[in-house]
Amino acid sequence: MKQKVATFSGEEIYAYTIENGKGMSLTALNFGAAITEINVPDKNGLTENVVINYQDISNYEVNPYYLGIVVGRTSGRTKEGLLKFEDQAIQVEKNDGNNHLHGGIKGLAKSIWEVTEKKDSLIFEYVSPDGEDGYPGTVTFKVSYVLSEDNQVTINYWASPDKKTPINLTNHTYFNLSGNKKTDILNHSLKLASPSFYELDKESMPVRVVKVDDHPTFDFRKGKLVKDVVDGGYEQTDIVGGGIDHPFLLDDSVEEKITLTDPESGRTLTVKTDDPAVVVYSGNQVKQTPTLNGGTAEKYAGICLETQMPPNETESYLIEKGEVYRKQTVFSFNAK
Ligand code: G6D
């Protein structure tokens, strides 16, 4: 189903919805491929939205929290906005203090994607011209959201450049399994198959990999409540405003890399990915406005599970001319 929902700077904005036979549905915009709804049953069969979204759709034009969007051409922060590879250092926008964040002021988050609707999937395509946001090469991007009959949302990422260029995509949906943002995510349990993470400096720039064995606050291997982390008084949580905003390296011997659980609703989300890392962001910067559906916005309104290559390592996500970038992340929803 396609529905006109807004006009941003003269461009028509549409919401596309797909649903399966189990009462689950997903809605996304052609603007930023932003996921605005994933409606999932709870343990009693009550279907509610488990992602946070703006009450007024017009807020997706500026989207200060990057709600639901595909992040790119690169994800996370790049130090001093310098894309360093081989013998060059390409300056891109410093849109986050002295650093580059999430592909720049425009990025893929504020692009109008061509959308193809299928019964169980939405296919988004966008051609980013050479030099857009300062990045070299013309790149054709394709992203698909596929909804299965067993309540899985699969995100497939595909990109092909006409010259060597960095590409490191993710999705910035904030999950809140309470449904319709009835509560914040502090009582959600997070389990990560991750033996190590990147410590951040005061600009939230990744600086070094450390073992969770030496930093137990960030040892999520057995699962722990988010509230037990944010109140921990741990220097790394203090740096990011009292929470998590860190890249975690994932154990590639474990299939289900991430499990998020809301004990109250009984909903669980498990994540599989072929990316080697995930930035977990607990919504520390979410403020009172713009208002979200389910009432005012507030800190910890939702939690992002941004699967990706570790940020600020440009050499590791260079894609050659004619090469194809392919990644897949699968979000599986259950309730018990
Ligand atoms: C803040 O540091 C965080 C980012 O990780 C997040 O993606 C953004 O807010 C929305 O800048």
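Atoms within a ligand are numbered from 1 in the order they appear, just like the ligands themselves. The first residue in the sequence is number 1, and the count goes up from there. Because the structure is a prediction, the values reported are computed rather than measured.
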Does K2 make a cation-pi contact with Y14 (under 6.0 Å, within 45 degrees of the axis)?
yes

Per-atom contacts, ligand 1 versus Y66 - under 4.0 Å to a heavy atom:
10 (C)

Distance-only N or O hit between ligand 1 and R77, under 3.5 Å:
yes

Which ligand 1 atoms are under 4.0 Å away from a heavy-atom of Q285?
1 (C)

Are the side chain of Q91 and the backbone N or O of G81 linked by a donor-acceptor pair below 3.5 Å?
yes

Mind listing the closest non-hydrogen atom pair of N49 and E37 along with its distance?
OD1-CA, 3.3 Å

Same apolar cluster (I L V M F W Y, side chains within < 4.5 Å links), V286/V51
no

Proximal ligand 1 atoms for D245, defined as those under 4.0 Å from one of its heavy atoms
2 (O), 3 (C), 4 (C), 5 (O)

Nearest heavy atoms of I52 and Y60, plus distance in Å
O-OH, 4.4 Å

Classify the angle between the aromatic ring planes of Y234 and H215 as parallel (below 30°), tilted (30 to 60°) or perpendicular (above 60°).
tilted

What atoms of ligand 1 come closer than 4.0 angstrom to any heavy atom of Y174?
10 (C)

Mutual orientation of the aromatic rings belonging to W113 and F124 [parallel < 30°, tilted 30-60°, perpendicular > 60°]:
perpendicular

Identify, for atom 9 (O) of ligand 1, the protein heavy atom at the shortest distance, and state residue, atom and that distance.
Y281 OH, 3.6 Å

Using distance alone, decide if ligand 1 has a nitrogen or oxygen within less than 3.5 Å of any nitrogen or oxygen in H102.
yes

Please list, in number order, the atoms of ligand 1 under 4.0 Å from a heavy atom of Y65.
10 (C)

Under 4.0 Å from a heavy atom of H172: give me the atoms of ligand 1 that qualify, with their elements.
6 (C), 7 (O), 10 (C)

